Amino acid sequence: MSAPRPWAAFVAATLAVTVLPAAAETPLERGDYLVNSILACGNCHTPMGPNGPEVGMTLAGGTKFEAPPFTAHASNITQDMATGVGAWSDAELKTAIVGGVRPDGVPLAPIMPSAFYRVMTPTDLDALVAYLRTVAPVEHAVPPPDYRQIIRAEPPPGFEQPATATDLSTPEGRGKYLVGIGHCMECHTSRGPHGEPEFASGYGAGGMEFPGPWGVSVAPNITAKGLGDWTDAEIARAITEGIGRDGAKLKPPMGYGFYAKLKAADVADIVAYLRTVPAVE
Ligand code: HEC
Ligand code: HEC
């Protein structure tokens with residue numbers, strides 16, 4: 001073969017483009033990132049000891065949640081076949097995560113924030129399931145739930161459907177998505193007389209109380225009413241380092257340790273969205 005080698009130029013061009021996908025996240029990397037940052041599944045599904053998450057029990061469940069309508073324990077969502085979700089199909093997992101329903105048709109207690117996960121894109125849901133498949137099996141039977149009343153939680157207005165590419169095309173839109181799948185407003189929305197979130201009148205207004213070994217923490221107002229005077233950096237520090245505006249350490253159960261792993265760009269988008277949440281007293 002002699003002089004001109006058109007394929008050489010072709011190969012060079014192909015190499016140039018293949019560099020990009022190589023640098024992009026694989027679905028598994030995306031799932032790992034989401035679960036261990038904004039989704040913070042382990043904040044509920046990994047049992048906590050006095051020194052933090054129990055070693056060797058990642059996502060193995062057991063934490064007890066008591067409310068008037070139910071007593072439920074966080075499920076074992078490791079790949080153990082008998083006591084975890086190893087035997088569940090991908091479709092069954094997705095129905096539980098975003099639909100809030102077990103394979104036997106029984107709705108999960110709404111402490112599992114499925115209503116907030118309804119906004120998750122199909123791509124992220126695939127990534128999440130791909131990551132769950134890699135979670136080491138841990139044999140750990142969790143007590144069965146006791147449902148005194150069945151409650152179907154509803155997502156906040158504007159979070160009912162999986163986000164579209166258009167929804168995710170602006171910093172505020174991406175931030176809104178992250179605040180949705182991070183179920184931030186589950187804790188930061190005021191509650192009505194029966195414990196129901198008041199999305200219409202108290203979205204972001206705070207007030208929910210969290211008793212625990214730390215005493216009682218109260219979710220603050222994170223609308224412009226609460227954060228209006230804060231700088232972007234102060235808001236970012238509160239989320240990712242658990243440090244209040246005055247420099248004091250913030251209390252659980254907010255998953256600061258998970259949010260510490262958020263990419264700076266994602267934190268910036270979250271702050272951009274919070275700036276758009278209308279002020280509520
Ligand atoms: C605020 C706490 C909380 C968070 C955050 C949370 N879960 Fe749950 N989840 C629960 C509780 C509690 C249950 C059990 C509910 C019941 O028994 O009715 C549950 C149940 C489940 C189930 C059903 C499993 C079974 O065996 O019944 C799956 C699957 C699941 N969660 C996956 C996830 C994933 C994935 C994430 C992160 C995207 C997540 N959960 C985040 C509390 C939580
Ligand atoms: C499980 C409940 C819970 C979730 C989920 C949660 N938070 Fe919080 N958040 C709290 C509580 C409680 C505090 C106050 C802790 C304290 O006062 O020591 C807090 C504090 C804050 C603060 C500091 C505000 C201030 O006035 O001190 C900001 C900002 C904040 N949260 C934003 C967020 C964002 C954004 C998300 C989602 C990525 C989120 N939170 C998810 C419960 C939660």
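Keep in mind the model is a prediction, meaning the values are calculated, not measured. Just follow the structure's listing: the first ligand is 1, and inside any ligand the first atom is 1.
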K.L.:
Please answer: with hydrophobic residues joined when any side-chain heavy atoms are less than 4.5 Å apart, are V267 and Y33 in the same cluster?
P.N.:
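Looking at the clustering, Y33 is in the same group as V267.
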K.L.:
For the residue pair S217 and P252, what are the closest heavy atoms and their distance?
P.N.:
OG-O, 2.8 Å
K.L.:
Which of the numbered atoms in ligand 1 are under 4.0 angstrom from any heavy atom belonging to H73?
P.N.:
14 (C)
K.L.:
If you measure from each heavy atom of I38 to ligand 2, is any distance below 4.0 Å?
P.N.:
yes
K.L.:
I'd like to know if R174 pairs up with D266 as an ion pair, taking the criterion as any Lys NZ or Arg NE/NH1/NH2 lying under 4.0 Å from an Asp or Glu carboxylate oxygen.
P.N.:
no
K.L.:
Measure from atom 8 (Fe) of ligand 1 to each N, O or S atom of C41 and report whether any distance is below 2.8 Å.
P.N.:
no
K.L.:
Looking at D90 and R133, is any side-chain nitrogen of the basic one under 4.0 Å from a carboxylate oxygen of the acidic one?
P.N.:
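Between D90 and R133 there is a salt bridge, with a charged N closer than 4.0 Å to a carboxylate O.
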K.L.:
Could you tell me, atom by atom, which parts of ligand 1 come under 4.0 Å of a heavy atom of F65?
P.N.:
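Under 4.0 Å from F65, ligand 1 has these atoms: 12 (C).
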K.L.:
Examine A109 against ligand 1 and note whether any of their N/O atoms are separated by less than 3.5 Å.
P.N.:
yes
K.L.:
Could you tell me if K176 sits above the aromatic ring of F159, with its cationic atom closer than 6.0 Å to the ring centre and no more than 45 degrees from the axis?
P.N.:
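The answer is yes; both the distance and angle limits are met.
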K.L.:
Going by chain and residue number, what protein N/O/S atoms come nearer than 2.8 Å to atom 8 (Fe) of ligand 2?
P.N.:
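Listed by chain and number: H188 NE2, M254 SD.
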K.L.:
Do P253 and M48 come within less than 4.5 Å of each other through their side chains, counting heavy atoms only?
P.N.:
no
K.L.:
Pull out every atom of ligand 1 sitting under 4.0 Å from any heavy atom of C44, numbered as shown with elements.
P.N.:
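In order of numbering, the contacting atoms are 1 (C), 2 (C), 3 (C), 4 (C), 5 (C), 42 (C), 43 (C).
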K.L.:
Hey, are the side chains of M185 and I222 touching, using non-hydrogen atoms and a 4.5 Å cut-off?
P.N.:
yes
K.L.:
Starting from atom 9 (N) of ligand 1, what is the nearest protein heavy atom, named by residue and atom, and what distance separates them?
P.N.:
H45 NE2, 2.8 Å
K.L.:
With a cut-off of 4.0 Å, which atoms of ligand 2 are near a heavy atom of H183?
P.N.:
5 (C)
K.L.:
Does the side chain of M120 come within less than 4.5 Å of Y177's, by heavy atoms?
P.N.:
yes
K.L.:
Main chain of G207, side chain of R191: is a donor-acceptor contact present, judged purely on distance under 3.5 Å?
P.N.:
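No; judged by distance alone, with no hydrogens or angles, the pair does not exist.
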K.L.:
Nearest protein heavy atom to atom 18 (O) of ligand 2, by residue and atom, and its distance?
P.N.:
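Looking only at protein heavy atoms, the one closest to atom 18 (O) of ligand 2 is K251 N, 2.6 Å.
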K.L.:
Which residue holds the protein heavy atom closest to atom 41 (C) of ligand 1, what is that atom called, and what is the gap in Å?
P.N.:
Y117 OH, 3.2 Å
K.L.:
Looking at side-chain heavy atoms only, is the closest gap between H188 and P220 below 4.5 Å?
P.N.:
yes
K.L.:
Can Y256 be said to touch ligand 2, with heavy atoms closer than 4.0 Å?
P.N.:
yes
K.L.:
Of the side chain and backbone of W88, name the one, both, or neither that has a heavy atom under 4.0 Å from an atom of ligand 1.
P.N.:
side chain
K.L.:
Testing the basics here: between E172 and A272, what is the closest heavy-atom pair and its distance to 0.1 Å?
P.N.:
CG-O, 3.9 Å
K.L.:
Between N76 and ligand 1, does any nitrogen or oxygen pair lie at a separation below 3.5 Å?
P.N.:
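Checking ligand 1 against N76, no N or O pair falls under 3.5 Å apart.
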K.L.:
Compare all side-chain heavy atoms of I77 with those of L132 and state whether any distance is below 4.5 angstrom.
P.N.:
yes
K.L.:
Of the protein's non-hydrogen atoms, which lies at the shortest distance from atom 27 (O) of ligand 1, and what is that distance?
P.N.:
R102 NE, 2.5 Å
K.L.:
Tell me: protein heavy atom nearest atom 11 (C) of ligand 1, and distance?
P.N.:
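Checked against all protein heavy atoms, atom 11 (C) of ligand 1 sits closest to A74 CA, 3.8 Å.
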K.L.:
Is the F116 ring parallel, tilted or perpendicular to the F199 ring (thresholds 30°, 60°)?
P.N.:
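If you compare the ring of F116 with that of F199, the planes turn out perpendicular.
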K.L.:
Looking at side-chain heavy atoms only, is the closest gap between E234 and I243 below 4.5 Å?
P.N.:
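The answer is no, as the side chains (C-beta and beyond) never meet within the 4.5 Å cut-off.
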K.L.:
Under a heavy-atom criterion of less than 4.0 Å, does N221 contact ligand 2?
P.N.:
no
K.L.:
So, does P253 sit close enough to ligand 2 that a heavy atom of it is under 4.0 Å from the ligand?
P.N.:
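True for this residue.
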K.L.:
Report yes or no: does W230 have a heavy atom closer than 4.0 Å to ligand 2?
P.N.:
yes
K.L.:
Nearest protein heavy atom to atom 25 (C) of ligand 1, by residue and atom, and its distance?
P.N.:
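Checking every protein heavy atom, the shortest distance to atom 25 (C) of ligand 1 gives S75 OG, 3.3 Å.
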K.L.:
Do me a favour and list the nearest non-hydrogen protein atom to atom 12 (C) of ligand 2 with residue, atom name and distance?
P.N.:
S217 OG, 3.5 Å
K.L.:
Quick check on atom 8 (Fe) of ligand 1: does M112 put an N/O/S atom closer than 2.8 Å to it?
P.N.:
yes
K.L.:
Does one side chain, of T164 or D167, offer a donor that lies under 3.5 Å from an acceptor on the other?
P.N.:
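Note: T164 and D167 side chains meet the donor-acceptor criterion.
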K.L.:
Should the proximity of I77 to ligand 1, defined as any heavy atom under 4.0 Å, be assigned to the side chain, the backbone, both, or neither?
P.N.:
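The answer is the side chain.
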K.L.:
If you define the side chain from C-beta out and look only at heavy atoms, does anything of I151 sit under 4.5 Å from E196?
P.N.:
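No, side chains not in contact.
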K.L.:
Please report the closest heavy-atom contact between V277 and Y203, naming both atoms and the distance.
P.N.:
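Reported closest heavy-atom pair: CG1-CD2, 3.8 Å.
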K.L.:
Quick one: look at P145 and ligand 1, take heavy-atom pairs under 4.0 Å, and tell me if it's side chain, backbone, both or neither.
P.N.:
side chain
K.L.:
Hey, which atoms in ligand 1 end up nearer than 4.0 Å to a heavy atom of Y147?
P.N.:
16 (C), 17 (O), 18 (O)
K.L.:
Under the 3.5 angstrom rule, does the side chain of H45 hit a backbone N or O of T58 as a donor-acceptor pair?
P.N.:
no
K.L.:
Of the backbone atoms (N, CA, C, O) and the side-chain heavy atoms from C-beta on, which set of E186 has a member under 4.0 Å from an atom of ligand 1: side chain, backbone, both, or neither?
P.N.:
neither
